[in-house]
Amino acid sequence: MGILIRGGRIVDAATDTDMIGDIYLDDGMIQEIGEKLTEKEKNDRVIDAHGCIVMPGIIDLHVHLRDPGQTYKEDIESGAKAAARGGVTTVVAMPNTSPVIDSPDRANYVKNKAAQVSGIHVLQAGAMTKGELGKELADIAGMAEAGVPALSEDGKSVMDSKLCKEAMKEAVKAGLPVFDHCEDLTLRGNGCMNDDENARRLGLPGISNSVEDVIAARDIILACETGAKLHLCHCSTEGVAKIMQHVKESGIKNVTAEVCPHHFILTSDDIKRDDPDFKMNPPLRTRKDVEALKEGLKKGYIDVISTDHAPHSQKDKTGSMKNTAFGIVGLETSLALSYTALVEKGVLTMKQLVEKMCKNPAEILGLDCGTLEAGHPADVIVVDVEHPYKIDKTQFASKGRNTPFDGREVKGKVLYTICDGKIVYQQN
(Lines give C-alpha, C1' and ligand atoms only; values in the text may rest on other atoms or scores of the structure.)
Protein backbone atom coordinates (compact mmCIF):
# COMPACT_ATOMS: atom_id res chain seq x y z
CA MET A 1 0.00 0.00 0.00
CA GLY A 2 1.36 3.39 -0.99
CA ILE A 3 0.83 6.75 0.69
CA LEU A 4 -0.13 9.88 -1.22
CA ILE A 5 0.47 13.12 0.69
CA ARG A 6 -1.58 15.71 -1.13
CA GLY A 7 -1.56 19.51 -1.28
CA GLY A 8 1.09 20.36 1.31
CA ARG A 9 3.88 22.91 1.26
CA ILE A 10 6.86 20.69 0.46
CA VAL A 11 10.08 22.04 2.00
CA ASP A 12 13.39 20.26 1.39
CA ALA A 13 16.73 22.00 1.86
CA ALA A 14 18.68 19.19 0.18
CA THR A 15 16.93 19.79 -3.16
CA ASP A 16 16.26 23.52 -2.61
CA THR A 17 12.51 22.86 -2.79
CA ASP A 18 9.71 25.01 -1.42
CA MET A 19 6.50 24.33 -3.33
CA ILE A 20 2.87 23.33 -3.00
CA GLY A 21 2.46 19.80 -4.28
CA ASP A 22 2.06 16.09 -3.68
CA ILE A 23 4.39 13.28 -2.64
CA TYR A 24 3.87 9.60 -3.36
CA LEU A 25 5.51 6.98 -1.13
CA ASP A 26 5.72 3.25 -1.72
CA ASP A 27 8.00 0.32 -0.88
CA GLY A 28 9.60 2.40 1.85
CA MET A 29 10.88 4.97 -0.62
CA ILE A 30 9.90 8.36 -1.99
CA GLN A 31 8.63 7.54 -5.47
CA GLU A 32 7.45 10.83 -6.93
CA ILE A 33 6.98 14.53 -6.18
CA GLY A 34 4.76 16.73 -8.32
CA GLU A 35 1.39 18.37 -8.73
CA LYS A 36 -1.97 16.62 -8.92
CA LEU A 37 -0.53 13.16 -8.38
CA THR A 38 -3.05 10.32 -8.16
CA GLU A 39 -3.17 7.07 -6.23
CA LYS A 40 -1.41 4.14 -7.90
CA GLU A 41 -3.48 1.42 -6.20
CA LYS A 42 -7.05 1.29 -4.93
CA ASN A 43 -5.95 0.78 -1.32
CA ASP A 44 -3.40 3.61 -1.24
CA ARG A 45 -3.60 5.86 1.84
CA VAL A 46 -4.29 9.53 1.06
CA ILE A 47 -3.20 12.22 3.55
CA ASP A 48 -4.65 15.69 3.07
CA ALA A 49 -1.78 18.09 3.85
CA HIS A 50 -3.38 21.33 2.65
CA GLY A 51 -2.21 24.20 4.85
CA CYS A 52 0.58 22.06 6.33
CA ILE A 53 4.34 21.76 5.93
CA VAL A 54 5.62 18.49 4.46
CA MET A 55 9.30 17.99 5.25
CA PRO A 56 11.84 15.23 5.79
CA GLY A 57 11.81 13.37 9.08
CA ILE A 58 14.02 15.09 11.66
CA ILE A 59 17.44 13.60 12.44
CA ASP A 60 18.37 14.25 16.07
CA LEU A 61 22.10 13.76 16.59
CA HIS A 62 21.94 13.91 20.37
CA VAL A 63 19.55 11.94 22.59
CA HIS A 64 19.76 9.89 25.77
CA LEU A 65 17.59 6.76 25.78
CA ARG A 66 18.91 5.48 29.16
CA ASP A 67 18.88 1.90 27.87
CA PRO A 68 20.54 -0.22 29.23
CA GLY A 69 20.62 0.41 32.94
CA GLN A 70 18.26 3.31 33.66
CA THR A 71 15.10 2.28 31.89
CA TYR A 72 12.95 3.73 34.69
CA LYS A 73 13.93 7.11 33.14
CA GLU A 74 13.51 6.08 29.48
CA ASP A 75 13.96 3.03 27.30
CA ILE A 76 14.35 2.46 23.59
CA GLU A 77 10.63 1.88 23.05
CA SER A 78 9.41 4.93 24.97
CA GLY A 79 12.16 7.12 23.52
CA ALA A 80 11.31 6.02 19.99
CA LYS A 81 7.63 6.80 20.57
CA ALA A 82 8.56 10.24 21.89
CA ALA A 83 10.73 10.81 18.83
CA ALA A 84 7.95 9.82 16.44
CA ARG A 85 5.52 12.14 18.24
CA GLY A 86 7.99 14.97 17.69
CA GLY A 87 8.58 14.24 14.01
CA VAL A 88 11.99 12.64 14.59
CA THR A 89 12.67 9.60 12.42
CA THR A 90 16.37 9.07 13.25
CA VAL A 91 18.14 9.48 16.59
CA VAL A 92 21.74 9.04 17.70
CA ALA A 93 21.72 7.66 21.24
CA MET A 94 24.57 8.72 23.52
CA PRO A 95 26.67 5.96 25.11
CA ASN A 96 26.66 7.07 28.78
CA THR A 97 24.31 4.28 29.80
CA SER A 98 24.80 1.71 32.59
CA PRO A 99 26.94 -0.06 31.51
CA VAL A 100 28.54 2.36 29.06
CA ILE A 101 28.31 1.44 25.36
CA ASP A 102 32.02 0.86 24.88
CA SER A 103 32.10 -2.49 23.05
CA PRO A 104 30.56 -4.14 19.97
CA ASP A 105 28.36 -6.40 22.11
CA ARG A 106 26.82 -3.48 23.95
CA ALA A 107 26.27 -1.56 20.74
CA ASN A 108 24.58 -4.61 19.26
CA TYR A 109 22.28 -4.86 22.29
CA VAL A 110 20.77 -1.48 21.42
CA LYS A 111 20.66 -2.21 17.69
CA ASN A 112 18.90 -5.54 18.21
CA LYS A 113 16.43 -4.20 20.75
CA ALA A 114 15.62 -1.20 18.56
CA ALA A 115 14.89 -3.51 15.64
CA GLN A 116 12.25 -5.20 17.80
CA VAL A 117 10.56 -2.27 19.56
CA SER A 118 11.26 0.94 17.63
CA GLY A 119 9.37 2.33 14.66
CA ILE A 120 12.16 4.80 13.91
CA HIS A 121 15.90 4.55 13.22
CA VAL A 122 17.88 4.27 16.46
CA LEU A 123 21.63 4.66 15.92
CA GLN A 124 23.84 3.95 18.92
CA ALA A 125 27.04 5.96 19.39
CA GLY A 126 30.06 4.36 21.04
CA ALA A 127 32.17 5.71 23.88
CA MET A 128 35.68 7.01 23.25
CA THR A 129 37.15 5.44 26.40
CA LYS A 130 36.36 2.32 28.39
CA GLY A 131 33.54 3.02 30.81
CA GLU A 132 33.86 6.71 29.91
CA LEU A 133 36.54 6.79 32.60
CA GLY A 134 39.04 8.65 30.44
CA LYS A 135 41.85 6.18 31.17
CA GLU A 136 42.15 3.96 28.08
CA LEU A 137 40.56 3.81 24.66
CA ALA A 138 37.45 1.75 24.06
CA ASP A 139 37.27 -0.83 21.25
CA ILE A 140 36.75 1.78 18.58
CA ALA A 141 37.50 -0.45 15.61
CA GLY A 142 35.18 -3.16 16.92
CA MET A 143 32.32 -0.75 17.51
CA ALA A 144 32.80 0.72 14.04
CA GLU A 145 32.48 -2.78 12.61
CA ALA A 146 29.30 -3.22 14.67
CA GLY A 147 27.85 -0.16 12.96
CA VAL A 148 28.06 2.70 15.47
CA PRO A 149 27.63 6.00 13.58
CA ALA A 150 29.84 8.13 15.84
CA LEU A 151 32.02 8.24 18.94
CA SER A 152 31.21 10.36 21.97
CA GLU A 153 32.17 10.71 25.60
CA ASP A 154 28.95 12.62 26.14
CA GLY A 155 28.21 13.52 29.72
CA LYS A 156 31.84 14.49 30.13
CA SER A 157 34.98 15.35 28.18
CA VAL A 158 38.10 13.23 27.72
CA MET A 159 40.20 15.44 29.98
CA ASP A 160 43.53 13.82 29.07
CA SER A 161 44.50 15.74 25.91
CA LYS A 162 46.90 13.05 24.73
CA LEU A 163 44.26 10.33 25.07
CA CYS A 164 41.69 12.53 23.35
CA LYS A 165 44.08 12.99 20.44
CA GLU A 166 44.63 9.23 20.24
CA ALA A 167 40.86 8.68 20.21
CA MET A 168 40.53 11.13 17.34
CA LYS A 169 43.24 9.27 15.40
CA GLU A 170 41.35 6.01 15.89
CA ALA A 171 38.12 7.73 14.84
CA VAL A 172 39.78 8.79 11.59
CA LYS A 173 40.92 5.20 10.95
CA ALA A 174 37.40 3.93 11.63
CA GLY A 175 35.75 6.64 9.53
CA LEU A 176 33.67 7.90 12.45
CA PRO A 177 32.87 11.45 13.56
CA VAL A 178 33.51 12.50 17.16
CA PHE A 179 30.52 14.08 18.95
CA ASP A 180 32.12 16.34 21.51
CA HIS A 181 30.80 17.25 24.96
CA CYS A 182 32.91 20.31 25.83
CA GLU A 183 33.32 20.65 29.57
CA ASP A 184 36.48 21.24 31.58
CA LEU A 185 35.63 19.32 34.72
CA THR A 186 38.40 21.02 36.70
CA LEU A 187 36.81 24.40 35.98
CA ARG A 188 33.20 23.33 36.54
CA GLY A 189 33.54 22.27 40.15
CA ASN A 190 30.13 21.81 41.78
CA GLY A 191 28.36 24.40 39.63
CA CYS A 192 24.72 23.85 38.72
CA MET A 193 23.71 26.94 36.69
CA ASN A 194 25.35 29.80 34.79
CA ASP A 195 27.85 31.83 36.76
CA ASP A 196 26.10 35.22 36.84
CA GLU A 197 24.02 37.48 39.04
CA ASN A 198 21.08 35.05 38.92
CA ALA A 199 23.19 32.30 40.49
CA ARG A 200 24.24 34.72 43.21
CA ARG A 201 20.61 35.81 43.72
CA LEU A 202 19.60 32.20 44.26
CA GLY A 203 22.71 31.29 46.26
CA LEU A 204 23.70 28.58 43.77
CA PRO A 205 27.20 27.69 42.54
CA GLY A 206 27.92 28.81 38.98
CA ILE A 207 29.40 27.34 35.79
CA SER A 208 31.41 29.86 33.76
CA ASN A 209 31.53 30.06 29.96
CA SER A 210 35.20 29.10 30.05
CA VAL A 211 34.20 25.60 31.19
CA GLU A 212 32.86 25.03 27.68
CA ASP A 213 35.06 27.37 25.64
CA VAL A 214 38.38 25.89 26.77
CA ILE A 215 37.58 22.33 25.68
CA ALA A 216 35.91 23.46 22.46
CA ALA A 217 39.06 25.34 21.46
CA ARG A 218 41.33 22.46 22.49
CA ASP A 219 39.38 19.84 20.59
CA ILE A 220 39.12 21.93 17.43
CA ILE A 221 42.91 22.24 17.50
CA LEU A 222 43.23 18.47 17.95
CA ALA A 223 40.74 17.82 15.15
CA CYS A 224 42.66 20.08 12.78
CA GLU A 225 45.87 18.25 13.67
CA THR A 226 44.45 14.73 13.35
CA GLY A 227 41.95 15.32 10.56
CA ALA A 228 39.13 14.02 12.75
CA LYS A 229 35.56 14.93 11.88
CA LEU A 230 34.52 16.84 15.00
CA HIS A 231 30.97 17.82 15.95
CA LEU A 232 30.53 20.12 18.94
CA CYS A 233 27.48 19.12 20.99
CA HIS A 234 24.94 21.40 22.72
CA CYS A 235 26.84 24.68 22.25
CA SER A 236 25.72 27.35 24.71
CA THR A 237 28.20 30.25 24.77
CA GLU A 238 28.98 33.35 22.80
CA GLY A 239 32.61 32.22 22.85
CA VAL A 240 31.89 28.96 21.04
CA ALA A 241 29.68 30.80 18.55
CA LYS A 242 32.61 33.12 17.77
CA ILE A 243 35.01 30.17 17.57
CA MET A 244 32.67 28.50 15.07
CA GLN A 245 32.51 31.70 13.04
CA HIS A 246 36.31 31.64 12.83
CA VAL A 247 36.23 27.94 11.90
CA LYS A 248 33.81 28.49 9.03
CA GLU A 249 35.48 31.67 7.77
CA SER A 250 38.87 29.91 7.86
CA GLY A 251 37.58 27.20 5.53
CA ILE A 252 37.91 24.39 8.06
CA LYS A 253 35.59 21.65 6.76
CA ASN A 254 35.87 18.95 9.42
CA VAL A 255 34.28 20.82 12.35
CA THR A 256 30.53 21.28 12.84
CA ALA A 257 28.37 22.35 15.77
CA GLU A 258 24.87 21.99 17.16
CA VAL A 259 22.64 24.03 19.46
CA CYS A 260 19.54 22.96 21.41
CA PRO A 261 16.24 24.86 21.57
CA HIS A 262 16.56 25.59 25.28
CA HIS A 263 19.89 27.31 24.66
CA PHE A 264 18.57 29.65 21.96
CA ILE A 265 15.27 30.39 23.73
CA LEU A 266 15.86 30.57 27.49
CA THR A 267 18.35 32.48 29.62
CA SER A 268 19.30 32.35 33.28
CA ASP A 269 16.88 35.27 33.76
CA ASP A 270 14.08 32.73 33.30
CA ILE A 271 15.16 30.90 36.46
CA LYS A 272 12.98 32.69 39.00
CA ARG A 273 13.54 30.19 41.80
CA ASP A 274 15.62 27.12 42.62
CA ASP A 275 13.84 24.91 40.05
CA PRO A 276 15.49 21.66 38.84
CA ASP A 277 13.56 21.74 35.55
CA PHE A 278 15.90 24.60 34.59
CA LYS A 279 19.03 22.58 35.40
CA MET A 280 20.80 21.37 32.31
CA ASN A 281 24.39 20.88 31.19
CA PRO A 282 25.63 23.16 29.76
CA PRO A 283 23.45 25.60 31.70
CA LEU A 284 21.17 28.33 30.44
CA ARG A 285 23.38 31.32 29.74
CA THR A 286 22.76 35.07 29.24
CA ARG A 287 20.83 37.00 26.60
CA LYS A 288 24.16 37.86 24.94
CA ASP A 289 24.94 34.16 24.55
CA VAL A 290 21.46 33.43 23.18
CA GLU A 291 21.73 36.17 20.56
CA ALA A 292 25.16 34.89 19.49
CA LEU A 293 23.80 31.36 19.07
CA LYS A 294 20.85 32.58 16.98
CA GLU A 295 23.23 34.62 14.84
CA GLY A 296 25.37 31.50 14.42
CA LEU A 297 22.35 29.57 13.19
CA LYS A 298 21.33 32.36 10.85
CA LYS A 299 24.80 32.82 9.35
CA GLY A 300 25.54 29.09 9.15
CA TYR A 301 28.36 29.00 11.70
CA ILE A 302 26.24 26.56 13.69
CA ASP A 303 25.08 23.69 11.51
CA VAL A 304 22.53 21.66 13.44
CA ILE A 305 19.64 21.84 15.90
CA SER A 306 19.54 18.84 18.24
CA THR A 307 17.81 18.24 21.55
CA ASP A 308 20.16 16.61 24.09
CA HIS A 309 16.96 14.81 25.15
CA ALA A 310 17.79 13.80 28.73
CA PRO A 311 14.84 12.24 30.57
CA HIS A 312 14.87 11.79 34.34
CA SER A 313 12.47 10.43 36.93
CA GLN A 314 10.52 12.80 39.16
CA LYS A 315 12.71 11.73 42.08
CA ASP A 316 15.88 12.72 40.21
CA LYS A 317 14.37 16.15 39.53
CA THR A 318 12.99 16.88 43.01
CA GLY A 319 14.87 19.16 45.41
CA SER A 320 17.46 21.87 44.96
CA MET A 321 19.38 22.40 41.73
CA LYS A 322 22.50 21.77 43.82
CA ASN A 323 21.66 18.10 44.21
CA THR A 324 19.35 17.11 41.33
CA ALA A 325 20.23 15.72 37.91
CA PHE A 326 21.18 17.77 34.87
CA GLY A 327 18.89 17.44 31.84
CA ILE A 328 15.78 18.39 29.90
CA VAL A 329 13.53 16.33 27.61
CA GLY A 330 13.22 17.64 24.07
CA LEU A 331 12.20 15.10 21.44
CA GLU A 332 8.52 16.03 21.50
CA THR A 333 9.01 19.80 21.60
CA SER A 334 12.07 20.60 19.48
CA LEU A 335 10.35 21.23 16.15
CA ALA A 336 7.56 23.36 17.58
CA LEU A 337 9.92 25.36 19.80
CA SER A 338 12.36 25.90 16.93
CA TYR A 339 9.66 26.87 14.45
CA THR A 340 8.07 29.31 16.89
CA ALA A 341 11.31 30.90 18.09
CA LEU A 342 13.19 30.97 14.79
CA VAL A 343 10.86 30.85 11.77
CA GLU A 344 7.93 32.78 13.22
CA LYS A 345 10.33 35.49 14.41
CA GLY A 346 12.25 35.72 11.15
CA VAL A 347 15.59 34.37 12.36
CA LEU A 348 15.50 31.45 9.90
CA THR A 349 13.41 30.60 6.87
CA MET A 350 11.51 27.33 6.89
CA LYS A 351 14.04 25.91 4.44
CA GLN A 352 16.90 26.90 6.73
CA LEU A 353 15.18 25.17 9.65
CA VAL A 354 14.87 22.01 7.57
CA GLU A 355 18.55 22.36 6.71
CA LYS A 356 19.50 22.46 10.42
CA MET A 357 17.21 19.61 11.48
CA CYS A 358 17.33 17.28 8.45
CA LYS A 359 19.87 17.97 5.71
CA ASN A 360 22.97 18.84 7.75
CA PRO A 361 22.57 16.04 10.31
CA ALA A 362 22.24 13.53 7.44
CA GLU A 363 25.42 14.87 5.84
CA ILE A 364 27.37 14.68 9.10
CA LEU A 365 26.43 11.00 9.46
CA GLY A 366 26.63 10.17 5.75
CA LEU A 367 22.98 9.03 5.65
CA ASP A 368 20.76 8.96 2.57
CA CYS A 369 17.74 10.34 4.45
CA GLY A 370 17.09 13.95 5.44
CA THR A 371 15.66 14.75 2.00
CA LEU A 372 12.42 14.35 0.05
CA GLU A 373 14.16 13.55 -3.23
CA ALA A 374 12.72 10.61 -5.16
CA GLY A 375 14.67 7.43 -4.59
CA HIS A 376 15.47 8.18 -0.97
CA PRO A 377 13.94 6.62 2.17
CA ALA A 378 10.36 7.64 2.86
CA ASP A 379 11.03 9.44 6.14
CA VAL A 380 8.49 12.25 5.98
CA ILE A 381 6.50 14.37 8.42
CA VAL A 382 3.39 16.52 8.05
CA VAL A 383 3.32 19.56 10.33
CA ASP A 384 0.53 22.01 11.19
CA VAL A 385 2.11 25.46 11.55
CA GLU A 386 -1.17 27.40 11.46
CA HIS A 387 -2.79 26.54 14.76
CA PRO A 388 -1.14 27.35 18.10
CA TYR A 389 -1.23 24.87 20.95
CA LYS A 390 0.23 24.60 24.43
CA ILE A 391 2.95 22.13 25.35
CA ASP A 392 1.51 19.66 27.85
CA LYS A 393 4.10 17.44 29.50
CA THR A 394 1.40 15.11 30.85
CA GLN A 395 0.78 14.02 27.26
CA PHE A 396 4.41 13.12 26.50
CA ALA A 397 5.20 9.65 25.21
CA SER A 398 8.57 9.94 26.94
CA LYS A 399 8.85 8.73 30.50
CA GLY A 400 10.54 12.05 31.27
CA ARG A 401 8.51 15.11 32.24
CA ASN A 402 11.48 17.36 33.03
CA THR A 403 10.89 20.46 30.92
CA PRO A 404 10.60 24.17 31.69
CA PHE A 405 8.43 24.59 28.58
CA ASP A 406 5.26 23.07 30.02
CA GLY A 407 2.32 25.34 29.18
CA ARG A 408 4.21 27.38 26.56
CA GLU A 409 2.19 28.27 23.47
CA VAL A 410 3.84 27.19 20.21
CA LYS A 411 3.09 26.39 16.58
CA GLY A 412 4.35 23.36 14.70
CA LYS A 413 2.32 20.35 15.78
CA VAL A 414 3.33 17.12 14.08
CA LEU A 415 0.28 15.45 12.53
CA TYR A 416 1.95 12.49 10.84
CA THR A 417 5.36 10.86 11.14
CA ILE A 418 6.25 8.38 8.43
CA CYS A 419 9.41 6.28 8.70
CA ASP A 420 10.50 3.93 5.92
CA GLY A 421 7.08 4.45 4.35
CA LYS A 422 5.14 3.41 7.47
CA ILE A 423 3.01 5.74 9.57
CA VAL A 424 4.60 5.50 13.03
CA TYR A 425 2.70 8.42 14.57
CA GLN A 426 -0.63 10.07 13.78
CA GLN A 427 -2.11 12.95 15.77
CA ASN A 428 -5.48 11.88 17.13
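- By the 4.5 Å heavy-atom criterion applied to side chains, Arg106 and Met143 are not counted as neighbours.
- Around the NZ atom of Lys322, the shell of radius 6.0 Å holds no more than 12 heavy atoms that belong to other residues, nucleotides or ligands.
- A salt bridge links Arg287 to Glu291: one of the charged nitrogens lies within less than 4.0 Å of a carboxylate oxygen.
- Each of Lys248, Lys356, His231, Lys359 was evaluated against Asp303; a single residue qualifies, Lys248, per the side-chain hydrogen bond (donor to acceptor under 3.5 Å, both in side chains) test.
- Between Asp195 and Arg200, at least one side-chain nitrogen of the basic residue sits less than 4.0 Å from a carboxylate oxygen of the acidic one, meeting the salt-bridge criterion.
- Ser210 and Asp213 are not linked by any side-chain donor-acceptor pair at a separation below 3.5 angstrom, with hydrogens and angles left out of the test.
- Using a 4.0 Å cut-off between a side-chain N of Lys or Arg and a carboxylate O of Asp or Glu, Arg401 and Asp406 do not qualify as a salt bridge.
- The closest donor-acceptor contact from the side chain of Asp196 to the backbone of Ala199 lies under 3.5 Å.
- Formation of a donor-acceptor pair under 3.5 Å by the Glu74 side chain with backbone atoms of Lys399 is found in this model.
- Counting heavy atoms of neighbouring residues, nucleotides and ligands inside a 6.0 Å radius, atom NZ of Lys298 does not exceed 12 of them.
- A salt bridge links Glu77 with Lys81: the distance from a Lys NZ or Arg NE/NH1/NH2 to an Asp or Glu carboxylate oxygen falls below 4.0 Å.
- No side-chain heavy atom of Leu204 sits less than 4.5 Å from a side-chain heavy atom of Ile271.
- Considering OG1 of Thr371 and CE of Met55, their distance stands at 11.5 Å, rounded to 0.5 Å.
- Within 6.0 Å of atom CD in Gln314, 12 or fewer heavy atoms from other residues, nucleotides or ligands are found, so the atom counts as exposed in its surroundings.
- Atom OG1 of Thr90 is separated from atom CD1 of Ile120 by 7.0 Å, given to the nearest 0.5 angstrom.
- Looking at Glu258, its side chain never comes within 3.5 Å of a backbone N or O of Cys233 through a donor-acceptor pair.
- Here the side chain of Arg201 pairs a donor or acceptor atom with the backbone of Lys272 at under 3.5 angstrom.
- Remark: Lys111 NZ is packed, more than 12 non-hydrogen atoms of other residues, nucleotides or ligands lying under 6.0 Å away.
- For the residue pair Ser313/Asp316, the side-chain donor-acceptor check at 3.5 Å is satisfied.
- Considering only residues two or more places apart in sequence or on other chains, Lys393 meets the side chain to side chain donor-acceptor pair (under 3.5 Å) condition with none of them.
- Residue His234 is tested with His181, His64, His262 for a ring pair (Phe, Tyr, Trp, His ring centres under 6.0 Å); the sole match is His181.
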